[in-house]
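Reading through the structure tokens given below for one structure.
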Amino acid sequence: MASHYEAPIRKPLVTGNKTYHDVTVDVAAPVEGKANKSWWIVFSISLLAFLWGIGCIIYTISTGIGVWGLNPTVNWAWDITNFVWWVGIGHAGTLISAVLLLFRQKWRMAINRSAEAMTIFSVIQAGLFPIIHMGRPWLAYWVLPIPNQFGSLWVNFNSPLLWDVFAISTYLSVSLVFWWTGLLPDFAMIRDRAITPFTKRVYSILSFGWSGRAKDWQRFEEVSLVLAGLATPLVLSVHTIVSFDFATSVIPGWHTTIFPPYFVAGAIFSGFAMVQTLLIIMRKVSNLEDYITVQHIELMNIVIMITGSIVGVAYITELFIAWYSGVEYEQYAFLNRATGPYWWAYWAMMTCNVFSPQFMWFKKLRTSIMFSFFISIVVNIGMWFERFVIIVTSLHRDYLPSSWTMFSPTFVDIGIFIGTIGFFFVLFLLYARTFPVIAQAEVKSILKGSGNRYKELRAEHGDDVKHYGPLVTTGGPMSTSMHQPENPNMDGTADSTYSEMHSEKINNLLATIGIFDPATQTADDLTRISGVGPVMEQKLHQLGIYTFDQVSRMTDREYDLLDSIIEEFPGRAKRDDWAGQAAKLKNNS
């Protein structure tokens with residue numbers, strides 16, 4: 001995760017003058033701390049909605065699909081509308097993570113984790129609807145091409161239902177591996193900071209033995225690129241396959257070749273809108289405003305504006321082709337959408353999806369948090385109406401006027417949909433309390449190139465400013481102990497911010513562990529402590545730590561002070577028990 005150079009004119013991606021240690025603390029805070037009142041309120045509402053949905057699903061399975069509002073003419077309706085809507089929402093996670101990773105877009109690093117989690121949870125919701133729609137969900141395994149007790153029973157590869165099974169299972173498995181791989185360094189960070197043995201044990205298992213070695217990072221980056229390369233075609237293929245559910249039929253309004261790219265653009269559109277909704281809530285609830293900045297919100301809005309415009313072009317293209325084709329059935333299907341009994345759904349779709357994103361052309365609006373939140377919800381409502389319009393208005397008036405009918409959802413239809421929304425937020429809220437929601441290692445990799453603190457230095461001193469200078473101390477117990485090596489850091493300079501930013505912390509640290517007096521004491525070889533290399537030893541020397549006796553006096557408080565000053569490998573001193581090692585070395589010397 002090498003850092004990169006950015007001109008000072010670019011807005012910082014990390015604000016608040018954050019240090020490496022600050023990033024670690026801020027990312028770990030939602031996991032290590034207690035949930036606040038807002039979290040409990042939203043979680044309780046989500047849980048009630050989920051339980052209501054569970055009740056409606058049990059009622060459906062025990063009574064039959066007849067409790068839905070379906071009829072012989074409109075035999076696909078509410079459930080498949082919700083299925084396509086949830087699959088669409090799941091698209092943005094893989095797009096943000098995979099495609100933006102391949103294009104080396106640094107702004108993805110603060111938002112990719114939540115987007116990936118959203119993908120997993122939304123695809124789970126989508127998978128529920130085809131299973132329930134089968135009517136006999138206990139026979140759902142019949143759609144899988146596996147050996148079974150019936151011998152000759154085999155799947156129908158011509159069925160769109162089977163295509164959906166393959167699309168969802170592939171998408172879910174690749175996205176899950178991609179998400180989990182990115183979490184490994186953060187699980188290890190929580191493991192190293194854990195206080196209770198149970199927490200440490202759980203996150204040790206989740207982190208798969210991550211140690212932070214160079215070899216770990218090399219494999220991490222290689223696997224991430226391979227998975228991104230695999231996941232990127234899935235962004236196109238999954239919703240293309242979903243569009244084939246409709247495009248391969250002969251129903252007016254469905255039988256069209258524009259559906260694959262149109263569905264993909266719509267899926268990215270709705271997915272980014274949902275990511276926007278979640279991020280705006282999360283940045284406030286989890287105090288992540290310095291990492292999910294207004295610039296992130298603005299960039300997301302630009303993508304929403306572009307994909308919304310693509311969807312608008314697709315709508316216009318559909319209307320033009322229906323007129324140009326000369327097929328009266330096709331022409332009537334689109335006329336009926338705009339002027340028929342479901343005209344309100346069609347114009348709600350057009351208003352939400354085509355007109356509302358155009359407000360994002362104005363910088364003042366696309367940088368407004370409240371307006372962005374409002375538009376993100378409006379877009380998701382509009383995309384739900386799009387799926388409803390495509391499915392219901394194409395079916396309710398078919399070739400035969402004698403079969404024309406209307407569809408109205410029952411309380412069971414509505415309850416199952418609300419239940420999946422509740423289930424989604426239950427999963428997401430639990431995720432936010434147990435998993436790090438920011439990829440802290442990736443954010444650290446861009447801190448010196450994109451952090452507010454370093455942008456200010458460049459703006460003040462020019463592009464060639466050094467962020468380091470000689471270490472100077474002024475008074476206090478540390479002043480007599482500082483020995484300045486000629487080349488204390490690998491680049492030949494020492495961090496000037498030690499004295500400016502951390503003098504009080506260093507004083508507090510040395511006040512506890514003692515001050516080294518070169519006139520009466522001899523420095524020990526600190527590299528004999530496991531976890532202390534030559535570079536780390538130099539950093540300890542800069543702080544005035546030279547002897548095993550000093551290190552042996554460290555407790556949790558001193559470990560935390562040391563981490564906050566050095567800002568590298570947080571938790572290592574505590575994990576490797578430097579104090580215990582130093583005590584043994586002191587006694588043996």
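Values reported hereafter were calculated over all heavy atoms of this structure, with side chains retained and with hydrogens, waters and symmetry mates removed.
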Quiz prompt | ring-ring contact (aromatic ring centres under 6.0 Å, His included) involving Phe425 - partner list, sequence neighbours excluded | solution = none

Exercise. With sequence neighbours excluded, tell me which residues meet salt bridge (charged side-chain N to carboxylate O under 4.0 Å, His left out) with Arg113.
Key: Asp186

Practice problem: Identify, with sequence neighbours excluded, every residue that meets ring-ring contact (aromatic ring centres under 6.0 Å, His included) alongside Phe43. | Solution: Trp39

Quiz item: Can Trp578 and Tyr559 be said to form a ring-ring contact (aromatic ring centres under 6.0 Å, His included), step by step?
Solution: CA-CA 9 Å; Trp578 286 5; Tyr559 286 146; 7.4 Å; no

Exercise. Check the angle between the aromatic planes of Phe388 and Trp78 and answer parallel, tilted or perpendicular using the 30° and 60° thresholds.
Key: perpendicular

Practice problem: Could you check whether the rings of Trp180 and Phe187 sit parallel, tilted or perpendicular, using 30° and 60° as the cut-offs? | Solution: tilted

Quiz item: Where do Ala273 and Val379 come nearest, in terms of heavy atoms and distance?
Solution: CB-CG1, 3.6 Å

Practice problem: Would you please test Leu227 and Val177 for side chain to side chain contact (heavy atoms under 4.5 Å, CB included) and show each step? | Solution: CA-CA 8 Å; Leu227 289 173; Val177 173; 3.8 Å; yes

Practice problem: Taking side-chain hydrogen bond (donor to acceptor under 3.5 Å, both in side chains) as the test, write out the residues that go with Asp413, two or more places apart. | Solution: Thr410

Practice problem: Not counting sequence neighbours, which residues clear side-chain contact (heavy atoms from CB on, under 4.5 Å) with Trp163? List them please. | Solution: Pro160, Ile241, Phe244, Asp245, Thr248

Self-check item: Intermediate values then yes/no, side chain to side chain contact (heavy atoms under 4.5 Å, CB included), Trp86 and Phe424
Solution: CA-CA 10 Å; Trp86 277 118; Phe424 174 81; 3.6 Å; yes

Quiz prompt | Worked verdict on Leu206 versus Arg191 for side chain to side chain contact (heavy atoms under 4.5 Å, CB included) | solution = CA-CA 9 Å; Leu206 295 177; Arg191 173 199 67 196; over 6 Å; no

Self-check item: 4.5 Å side-chain heavy-atom contact, Met360 and Ile302
Solution: no

Exercise. Please name all residues satisfying side-chain contact (heavy atoms from CB on, under 4.5 Å) with Ile58, sequence neighbours left out, ordered by chain then number.
Key: Ile54

Self-check item: side-chain contact (heavy atoms from CB on, under 4.5 Å) involving Ala98 - partner list, sequence neighbours excluded
Solution: Thr94, Phe178, Ala228, Ala231, Thr232

Exercise. Taking salt bridge (charged side-chain N to carboxylate O under 4.0 Å, His left out) as the test, write out the residues that go with Arg366, two or more places apart.
Key: Glu298

Self-check item: Partners meeting side-chain hydrogen bond (donor to acceptor under 3.5 Å, both in side chains) with Gln276 (sequence neighbours left out)
Solution: Asn301

Quiz prompt | Listed partners of Ala314 passing side-chain contact (heavy atoms from CB on, under 4.5 Å), at least two apart | solution = Ile258, Tyr262

Quiz item: Can you name the nearest heavy-atom pair linking Arg387 to Val84, along with the distance?
Solution: CG-CG1, 3.6 Å

Quiz item: Thr81 and Trp384: side chain to side chain donor-acceptor pair (under 3.5 Å), yes or no, with the steps?
Solution: CA-CA 7 Å; Thr81 298; Trp384 186 91; 5.8 Å; no

Practice problem: Show your reasoning for whether side chain to side chain contact (heavy atoms under 4.5 Å, CB included) applies to Trp179 and Phe435. | Solution: CA-CA 11 Å; Trp179 178 51; Phe435 291 4; 3.5 Å; yes

Quiz item: With Phe50, which residues qualify under ring-ring contact (aromatic ring centres under 6.0 Å, His included), at least two apart?
Solution: Phe423

Self-check item: Ser270-Trp85 side chain donor-acceptor pair, cut-off 3.5 Å
Solution: no

Name each donor-acceptor pair under 3.5 Å that joins a side chain in residues 121-131 to protein atoms two or more places apart or in another chain, with its distance.
residue, atom, partner, partner atom, Å
Ser122, OG, Gly90, N, 3.3
Ser122, OG, Met118, O, 2.8
Ser122, OG, Thr119, O, 3.1
Gln125, NE2, Phe121, O, 3.1

